[in-house]
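These notes are about the structure you will find just below.
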Amino acid sequence: MRRVVVAALLAVLTWSGHALAGDFPSHPITLVVPFSAGGPTDAMARILGERMQKTLGQPITIENVTGAGGSLGVGRVVRAPPDGYTVSIGHLGTHVANGAIYKLGYDLVTDLEPVVLLPSNPMIIVSKNGVPAKTLPELLAWMRAKPTPPTAGTAGAGSGSHIAGLYFENITGIKLQYVPYRGTAPALNDLIAGQIDIIVDQTSNSIAQVRAGTIRAYAVTDDKRVESAPDIPTTDEAGLPGFHMTLWSGLWVPKNTPKDVVIRLNQAAVEALNDPAARKKFQDLGLEIPKPSELSPEALGGWQKAEIAKWWPMIKAANVKIE
Ligand code: MLT
């Protein structure tokens, strides 16, 4: 009789999605990337996933669910069972900005459980090679002299590249014509092809093409240069003092995911961030790895709330129209 009760209880717990951390994970985990394959968030997810699966002993499969500035991919995770098997990777755009732009149908803070803060990188101002400018002041002069607004590639309204564009408009007074893509990977392809004028992109996405000479870089949006790209000036040095923006990323799971499952995922991610081979891959992309004190689930939760308070006023003031 007692055995029947225990078996029934286990069945109920498992059915209701309450994974027992003891055996978590017992099957593959899906990491939902809300942007196109080949872009900066996808690249980070693949480096992280490859190392985390070693710790967790189960495959981590990447699922790219794109659209609406990444909000569709996040929504996919919000609606998933709270068992740790569906994980959201996102950033300042998807887990902060989108809440000020879209009627999401979910709450970025209360419908998701923060797991861990991930590497960050400053944005970089890049243009097609066809632009007759070598310095930032020359680029700004060319943009101001243009009869029509310069075109700026983004990963959709609310994405990191869009928020950076809004901030750029605020600081320079130059109006941009946004060209939305499902990620900055396809946007970068069009920049290389000269189809669009600029992207205020994540350094990790553009740096390889800058090094290859297929696009031109003007500055990184930080007060210090990127270690892996010491030749690119900061916005302070290049003539746009104070234009600082760092795009940070993180992992989240659906709310009500058992605490010990969250901790297990956090531990696996922290191990990946401390792994020398994974660290080198991140740093070569110009990514900065968070400090140990910033790696608890609570730290990400607190940081996300602080960033919402910081960025929503500017984003709401921009009165972004969703096409
Ligand atoms: C991407 O992976 O495409 C980016 O994270 C998009 C963005 O937010 O700019």
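Whatever order the structure lists them in is the order used to number ligands and atoms, beginning at 1.
Taking Lys103 as the reference, nothing meets the salt bridge (charged side-chain N to carboxylate O under 4.0 Å, His left out) condition, with sequence neighbours excluded. Scored by the salt bridge (charged side-chain N to carboxylate O under 4.0 Å, His left out) test, Asp107 finds no partners at all (sequence neighbours excluded).
Taking the side chain as every heavy atom from C-beta outward, Ser36 and Asp42 never approach each other to under 4.5 Å. Looking at Ile263 and Val115, their side chains never come closer than 4.5 Å, going by heavy atoms from C-beta outward.
Within 4.0 Å of ligand 1, counting heavy atoms only, the contacting residues are Phe35, Pro40, Thr41, His91, Ala155, Ser159, Gly160, Ser161, Gly183, Thr184, Gln202.
None of Lys281, Lys280, Lys54, Arg51 except one satisfies the salt bridge (Lys or Arg N to Asp or Glu O under 4.0 Å) rule with Asp275; the exception is Arg51.
Residues in residues 176-230 take part in these ring-ring contact (aromatic ring centres under 6.0 Å, His included) pairs, two or more places apart or across chains: His162-Tyr178.
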